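Let me begin by presenting the structure, written as structure tokens, before commenting on it.
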Amino acid sequence: MSRIPALLDMISDLIATPSVSSVNPELAQGNLTVIELLANWLEDSDFDIEIMHLPGEPAKANLIATFGRGKGGLVLAGHTDTVPYDEGKWRYDPFRLTNTGNRLYGLGTSDMKSFLALALEAAREVQAGDLREPLILLATADEETSMSGARALVEHNRPQAGHAVIGEPTGLRPVRMHKGILMEAIHLTGQSGHSSDPALGNSALEAMHTVIGTLLDWRKELQARHQSPLFAVPVPTLNLGHIHGGDNPNRICASCELHFDLRPLPGMALQELRDEFRHRVLDVLQDTGIDAVFKSLFEGIPAMETPANARIVQLAEKLTGYSAEAVAFGTEAPYLGRLGMETVILGPGDIAQAHQPDEYIRLDRLAPTVDLLKSLIDTVCIKG
Ligand SMILES: [Zn+2]
């Protein structure tokens, strides 16, 4: 594996290869250059390289690099995209790795390009003859926006493996649960008219008042029905985040739109939740003459839970010395779960530094991460 550069050179090159994900096309850069960089490093290695292009997205791809054959095995996974950065708010160049005061600064250091370099570093000395189960390096596209990379994996039913570690920033503590995310819009249409006579119109704004009451009642029921004490906020949350309706005090409001965010616990299926609130809203609007249109603002991220007694959870707990926790952010883990992997989220960055100006990773996290990944590879792939 002679072409794999030294660890800090890999991190530096990954940071210097911009791959901003954004729903704003002016900011979106795609991740293909990062995928090509990784593929290039692995060119003379024993890894089999597969670049999975995303349909209709020429600048986006996933990389599946497989070392060894057979069933089971371990996936070390990371997304290659970053969020955009706040121009002018950084003390350092976000695209140049700055090594100072036990910190490596750069966009994506914590979240989460460094992990891909650390995974390669851990795999550097593995010999083909040692492997009883495959070691797979997985680098994905678009985690920060649409999860289209992870969804493409599910569509292709690849890769197949028994276990996965996603190196999202968890401060090197294992995580086996996170909530899901839904963002939904409800648009109500009534009838405008002069404010002096309610009979002249049908207020969408007043109807939305009823709808909000229904949603808040539903929230209360959800929170009574579902609790999970491992989470800092142990119930599903529902936040009303945006409302717009009407234009003038002297006009009956003909149109009103509400956006809300729902964070379900593991075991709460996204589509069932969508069906349930839509049903309730339609019920409460029956015979009002108000039209309701529902829209999901994005596809949603399912919640994830890997059982406490899963082998990868137990292994990660033993190697780190921490019990597996629950976190508040979403990841690609539910998609890897759908591919049959038991997944733990465990990475060297800290979530407090992610999505912030002056993002950094602690330099003294690198060596322990390499040791941890080597032990995982040894236990899962070599001892089998
Ligand atoms: Zn991330």
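Both counts, for ligands and for their atoms, begin at 1 and track the order of listing. Heavy-atom basis, side chains included; hydrogens, waters and symmetry copies ignored. As the structure is a prediction and not an experimental result, all values here were calculated from the model.
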So salt bridge (charged side-chain N to carboxylate O under 4.0 Å, His left out) across residues 313-325, not counting sequence neighbours, yields Arg173-Glu325
Does Glu168 bring an N, O or S atom to under 2.8 Å of the Zn ion (ligand 1)? yes
Between Phe260 and Phe277, is the ring centroid distance below 6.0 Å? yes
If you look only at pairs with a residue in residues 364-377, which of them pass as a salt bridge (charged side-chain N to carboxylate O under 4.0 Å, His left out), with sequence neighbours excluded? Asp350-Arg365, Arg362-Asp364
Indicate if the distance from the Zn ion (ligand 1) to the nearest N, O or S atom of Glu144 falls below 2.8 Å. no
So, of the N/O/S atoms that Asp111 has, which is the nearest one to the Zn ion (ligand 1)? OD1
Please work out which of the three classes, parallel, tilted or perpendicular, describes the rings of Trp90 and Tyr85, given edges at 30° and 60°. perpendicular
